[in-house]
2 protein chains.
Amino acid sequence: MAGVDKSTVSRMLGGDKTLNIREETRQRISRAVAALGYRPNMAARSLRTARSFSLGITIASLDNPVYSAIIRGAEQGAADAGYSLLIAHMDEAAPDSRVYHRLVEQHRVDGLLVTTLRNEKEHLAALKELQAPFVLVNRKAKGVRNSVVVNDFGGAKAAVETLIRMGHRDIAHLSGNPSRYNARQRLLGYRAALEEAGIPFRPGLVVEADYTPDGGERAARVLMETQNRRFTAVFAVTLVAAAGALAAFHERGFSIPEDISVVGFHDSAVAELLYPPLTTVRVPLEEMGRFAAGALIDIIEGRRREITKTFSQVEVIERRSTAPLRAGSNLVARR
Amino acid sequence: MAGVDKSTVSRMLGGDKTLNIREETRQRISRAVAALGYRPNMAARSLRTARSFSLGITIASLDNPVYSAIIRGAEQGAADAGYSLLIAHMDEAAPDSRVYHRLVEQHRVDGLLVTTLRNEKEHLAALKELQAPFVLVNRKAKGVRNSVVVNDFGGAKAAVETLIRMGHRDIAHLSGNPSRYNARQRLLGYRAALEEAGIPFRPGLVVEADYTPDGGERAARVLMETQNRRFTAVFAVTLVAAAGALAAFHERGFSIPEDISVVGFHDSAVAELLYPPLTTVRVPLEEMGRFAAGALIDIIEGRRREITKTFSQVEVIERRSTAPLRAGSNLVARR
DNA sequence: CTGAAAGCGCTAACAT
DNA sequence: ATGTTAGCGCTTTCAG
C-alpha cells in the first residue's frame, strides 16, 4: 500500500538507527500503517528474534498488599517498554522451582522478576541454570548480583525514631524470622535507633512473630506476660503482625494509643481499616517494581549488565495508633 | 534423534487423536524428548496457529482481595490448560479501552477476562469490535452473553438471615452505587431476607456508601444521625465499607457486637485483622476465576460457544462482630 | 536509500 | 503408520 518493501517498514517501525529514509517515504508508510491499523504480529517477531517481549513475575501471595504494589509498578515498567507482564503464582507452602522453567523454556518470558525465595538454595540453583536473566525484587541473596530492594533498615529505624521522639523508651519489637533478609534488616534498624538514642537494648523486648495475625497476637501476649508491662510502644515487622498485636492488646483491655503505641511496616489501604488506624512506615514499593522491570529489560536488551539498587526513601505515616508518651496515661506510670 | 520426522513428534506431543503411532516409535520419541529436554517453542507455535496460548485479565485494583482471589483462580485455570495469564492493570480512575486492543491486536492474548467495566458503554463497544472472545467475571451487562458471577443476591440474603436468626429486626444496609450490578443484587438480597421474615422495609435504613473506608464511615454516621439508634445490626455492601462503619461506631462509643452487629460482604484475610474480627459472607471467588479461565479457553478452542454461570454457593463466616440480640444490651432497649 | 531473499520452529494438508 | 511440503509474519543480512 505504501509501495515499499515490508523490510523497509520493519526497519522504520523498529527504529533502526542506520536507516536513512526519505521524509516522503516515511510519510507514505505512516499513512498506510494508520489506514490499515497495522500492528506488528508479536508471535512472528518473537519467533524471528527469539524473544517474547514479556517478563514473568513470581509471587507467593497476591493478597499481600506489598506484592500487589510491586506488581502494579512492574506492570507499568514493562508496559513503558512495550513488554507484557506474566504472573506466576507460586504457592509459598509448596514452592516449585519448575515454574521458572515452564516460563522460560517455553520462551514465554525473556526474564524474571523474583519476589519469592523460600528454599533459597534450591530456587537460586534453578534460577541460575536458567539461561535467562532475573532480578530479585525486595530480596537479597548471597551470590546474586541483580537485586533491588527498599530501605528496610532505614524504615525500621525511622519508625523507632518516631516513637523515641514521642518520648517512648521502652519500645518492643515484634520481629520476623531472622532467616529472611527483610526481617533481619528491620531488626537491625530497630537496634540502631535505640543505640543512637542511647537506649540500652533489652533482648526480652524482641519477640518473634510470623507474618500472620495469629503470630502477631501470640507474640504480643508473650510480650505482655514476660515483660510485665515494661514497654509503652511496639514496632511490628509487618502490618499483619501489628494488626494481631492490636487485637491482643484490645483483648487485655489496653487502649491504643493511650496505653501502648503501635507502628507497623509497609503502608497500605488496610492500615486505614484497622482500629485504630495504624501508623506505618511507607517505602516506595511501586516505584521499586517499576524500576526493577525497567532494569531487567535493560539487561535483556544489553544496555546494562547488572543492577543493584536500594530505594532509600522512607516515610512514617502517622495515624492514630501512636501518641506521645504521657505520664499517668500509660504503662510506664503503672509499674 | 528418534529417527522420525518432526511432524510426527509434533502430532504426538499435540495429542492428535487421528494419529496412529506404534508403541515402539512413541517410546523412541519420548526418550529423545526427555534426553534433549525438548520444549516446544511457543513463539513458533503461536505464529503457525495464530494463537498465543495466553489469556489477559483486566483488573482495576490489585489491592482488592476480591480481585486477587479471582486472579489466583484464573491463573490456575489457565495453567491447567497450558495457558499463561497476562495481567493488564486498568486504572479505575482513568479506564482506557485501548488496553484491550493493545493486548489483542498484538496477538498477545487469545481472549480476555474482564473484571473492570467503568464507562460500561464505551468499554463494551471496544470489547465487541475486538474480534477476540471475552468473558465478564463478577459482572453482568446487557447484551453480553459470556458472564460468570457469584451469588451476590443469595450471599446478601444469607447475611441478613443470619442477623434475623440472631434476633435482629432493625437491620440497616450500607449499600453500594445502584449502577453496579453487584450492589443492586446485594440490596435485593437484603430486601428479600426482610420480606421473607415479614419485616417491613424501612428506606431510611439503607444508606449509600462508596467502596472506601471513608464512605462506610460517613454512611454509618448518617445512619446514626437519621435513625436515632433505631437499628441493631448493619449489613455492609463490602468489607471495606464495613470497616469504615466499625470506625464510626467505635468513635461514637458503641461496642461491637454488644450494641451493633456488623456483617460485611466478601471474606478475606483482612476480616481477621479488623476489630472485632468481621463476620463476612464468603463466595467462591477463586473457583469463579478458575472456571472463567477454563470456560474462556473452551470458547477459544471451539468446544463451547458461550458461557453464563452463577456460582450459587454462599457461606456466612461468623466472627466476633455479630451477636444475638439481647434485651438490655443493645440499642433497641435504649430507645 | 530501498529491495530481495532466507529462515526462525512449528503445524496441517496432503502424500504415501 | 509416518514422511513431505508449504507457509505463518517478521527481521536481518546482503545487494544494488
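Proteins come first, then strands; the chains are lettered A, B, ... in the order of their sequence lines, and each starts at number 1.
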Checklist line | Integer-rounded Å distance: C/dT11 P and B/R11 CZ | finding: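 Checked: the CZ to P distance equals 11 Å.
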Margin query: Using a strict threshold of under 4.0 Å (side-chain N to carboxylate O), is an ion pair present between B/E286 and B/R290?
Written below: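 Salt bridge absent between B/R290 and B/E286.
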Notebook entry, point to check: How long is the span from the CG atom in B/L136 to the OG1 atom in B/T58, to the nearest 0.5 Å?
Noted result: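 Output value for this atom pair is 9.0 Å.
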Next item on the list: Working to the nearest 0.5 Å, report the span between CZ of B/R139 and CG of B/L113.
Entry: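 If we round to the nearest 0.5 Å, B/R139:CZ and B/L113:CG are 13.0 Å apart.
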Check: Are B/F291 and B/F311 close enough, and set up right, to give a ring-ring contact (aromatic ring centres under 6.0 Å, His included), and what steps lead you there?
Finding: CA-CA 10 Å; B/F291 178 85; B/F311 283 82; 5.5 Å; yes
Checklist line | Distance-minimising heavy-atom pair for A/Y83 and A/S54 | finding: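 Nearest heavy atoms, A/Y83 then A/S54: CD2-N, 3.6 Å.
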Notebook entry, point to check: Can you tell me if A/S30 and A/R26 form a side-chain donor-acceptor pair at under 3.5 Å?
Noted result: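 Not at all, the side chains of A/S30 and A/R26 share no donor-acceptor pair under 3.5 Å.
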Donor-acceptor pair, distance only, cut-off 3.5 Å: does the side chain of [X] make one with the backbone of [Y]?
| X | Y | value |
| --- | --- | --- |
| B/D110 | B/R51 | no |
| B/R282 | B/D267 | no |
| A/H101 | A/L130 | no |
| A/T310 | A/S312 | no |

Next item on the list: Starting from the first five and the last five pairs of the helix from C/dC1-D/dG16 to C/dT16-D/dA1, work out the angle between the resulting helix axes, to 10 degrees.
Entry: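 The end-segment axes of the helix from C/dC1-D/dG16 to C/dT16-D/dA1 are tilted 40° relative to each other.
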Margin query: Quick check for you: name the first and last nucleotides of DNA chain D, 5' to 3', having an atom under 4.0 Å from a heavy atom of chain B.
Written below: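 On DNA chain D, the outermost contacted nucleotides are D/dA1 to D/dG9.
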Margin query: Is the phosphate of C/dT2 approached by A/T8 (side-chain N or O, under 4.0 Å from OP1 or OP2)?
Written below: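 No, no such contact exists.
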Notebook entry, point to check: In residues 22-55 of chain A, what residues come within less than 4.0 Å of DNA chain C, judged by heavy atoms?
Noted result: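 Close to the strand are A/R22, A/T25, A/L47, A/R48.
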